[in-house]
Number of protein chains: 2
Amino acid sequence: MDENGGSGTDDRPSDEWLFDVFSRRCPSRGTLEHVTGRWGSLTLGALHEGSLRFNALRRRVDGVSEKMLSQTLHALERDGLVHREAQPTNPPRVDYELTPLGQQVAEQLLGLIHLVEGRMAEVMVARDRYDEAHAVREG
Amino acid sequence: MDENGGSGTDDRPSDEWLFDVFSRRCPSRGTLEHVTGRWGSLTLGALHEGSLRFNALRRRVDGVSEKMLSQTLHALERDGLVHREAQPTNPPRVDYELTPLGQQVAEQLLGLIHLVEGRMAEVMVARDRYDEAHAVREG
DNA sequence: CAGCATCCTAAACGATACTG
DNA sequence: CAGTATCGTTTAGGATGCTG
């Protein structure tokens, strides 16, 4: 089923998963999902411009709910990609900014985003072609 | 639904933004999600090494179900990132391979994957620190 | 082998209400 | 402002059975 290194044991944790994202037990897969996830990628992208406060970030990442932003931020902070700077003032002020690692990840991500955005015309054409070919032709 | 082609009613400075994946109405967001999604990214990564048949791909992308692989493959094919080559033999043989655009996207993606993988040690440390700081301590 | 259709559960998500 | 807690909905995902 899920052998990934030649070890015969497939249902107990092994320490062979070290560097294989393709394995479901690779820890980097989790981080990768935080990074590439729907809100993770947009949040990193938004913070790449500079630090932002919670509600500013919420406005920047169009469509994200309070809950999801909070959740995303926690995951990214835990992974060491985002730094949370809270001032104990009243009203409270919390700034989020990328860590150096977060910057690098964001840049890599932005490269991908740019590539996809720049090629959307091709994608659209491909979609039309696909839909055309898969259209239910009857009668 | 409406579209954001004119961007006339935006209340934020848009000069700095040549593209806007941050808008929920941007069509590239959908493609981006196919690409970065849980199975999309792993599928593209797997196919980057060369073309694969359905079940080989299924074994390569550890943990993916038949259904999800099929679904992922359709989305990527529709977006013009994956090419499906079916031979009408018996038993049937279907090979999946990346299109040129798919190759470029996969390379960008692999860059991200490698970056994250190569820095997992830092991530782990950050996680420990985070968990430490957020642990419920009593006494 | 390479899939599609169906059912069902688990997880993600969004809206709302509430706290410091 | 900056969140947390809770709830109802929606979607993703897995298991199974069937087809060419």
Side-chain angles (χ1 to χ4, degrees), chain A residues 1-2 10-11 24-25 29-30 32-43 46-47 51-78 82-97 130 133-136, chain B residues 1 23-25 29-30 32-43 46-47 51-78 82-97 130 133-136:
Chain A
M1 268 317 193
D2 59 357
D10 58 352
D11 61 353
R24 85 184 86 169
R25 288 202 261 286
R29 204 147 118 171
L32 204 54
E33 281 173 30
H34 297 154
V35 167
T36 61
R38 188 171 178 190
W39 304 121
S41 59
L42 297 172
T43 300
L47 286 176
S51 80
L52 286 171
R53 298 175 63 175
F54 188 85
N55 280 307
L57 199 46
R58 185 150 142 60
R59 282 186 293 274
R60 189 76 189 91
V61 180
D62 188 30
V64 71
S65 70
E66 204 171 30
K67 179 184 161 187
M68 290 316 296
L69 182 57
S70 175
Q71 197 172 297
T72 300
L73 249 12
H74 278 308
L76 294 177
E77 188 194 354
R78 190 167 107 96
V82 162
H83 175 69
R84 179 177 184 277
E85 184 93 28
Q87 276 129 345
T89 59
N90 193 339
R93 181 194 172 97
V94 180
D95 289 85
Y96 290 93
E97 62 186 326
Y130 183 94
H134 290 76
V136 265
Chain B
M1 281 308 218
S23 164
R24 87 185 83 175
R25 291 191 278 280
R29 209 147 115 170
L32 206 54
E33 281 173 30
H34 296 155
V35 167
T36 61
R38 188 171 177 190
W39 305 121
S41 58
L42 296 172
T43 301
L47 287 176
S51 80
L52 286 172
R53 297 175 63 176
F54 189 84
N55 280 306
L57 199 46
R58 187 150 140 56
R59 281 186 293 272
R60 185 82 186 92
V61 180
D62 188 29
V64 72
S65 70
E66 195 175 68
K67 179 184 163 187
M68 291 316 296
L69 181 56
S70 175
Q71 197 172 296
T72 300
L73 248 13
H74 278 307
L76 295 178
E77 189 194 353
R78 190 167 106 96
V82 162
H83 174 68
R84 180 177 184 277
E85 184 93 28
Q87 278 134 359
T89 60
N90 194 342
R93 179 193 175 100
V94 181
D95 289 86
Y96 289 93
E97 62 186 327
Y130 182 95
H134 290 76
V136 250

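Per chain, numbering begins at 1; letters A, B, ... match sequence-line order.
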Find out whether A/Q71 and A/H74 are in side-chain contact, i.e. whether some heavy atom of one side chain is under 4.5 Å from a heavy atom of the other.
no
Mind calculating the distance between [atom1] ([X]) and [atom2] ([N]) to the nearest angstrom?
X: B/M68; N: C/dA2; atom1: CE; atom2: P; answer: 19 Å
X: A/W39; N: C/dC13; atom1: CH2; atom2: P; answer: 8 Å
X: A/L57; N: D/dC1; atom1: CG; atom2: P; answer: 14 Å
X: B/K67; N: C/dA10; atom1: NZ; atom2: C1'; answer: 12 Å
X: B/E66; N: C/dT6; atom1: CD; atom2: C1'; answer: 13 Å
X: B/E33; N: D/dA12; atom1: CD; atom2: P; answer: 9 Å
X: B/E85; N: C/dG3; atom1: CD; atom2: P; answer: 13 Å
X: A/N90; N: D/dA2; atom1: CG; atom2: P; answer: 12 Å

Would you say D/dG3 has OP1 or OP2 under 4.0 Å from some side-chain N or O of A/R84?
yes
Name the nucleic acid region contacted by A/Q71, choosing base, sugar-phosphate or nothing; use a 4.0 angstrom heavy-atom cut-off, strictly under.
nothing
Pick the nucleotide of DNA chain C nearest each of A/G63 and A/P92; which residue has the one closer to the 5' end?
A/G63
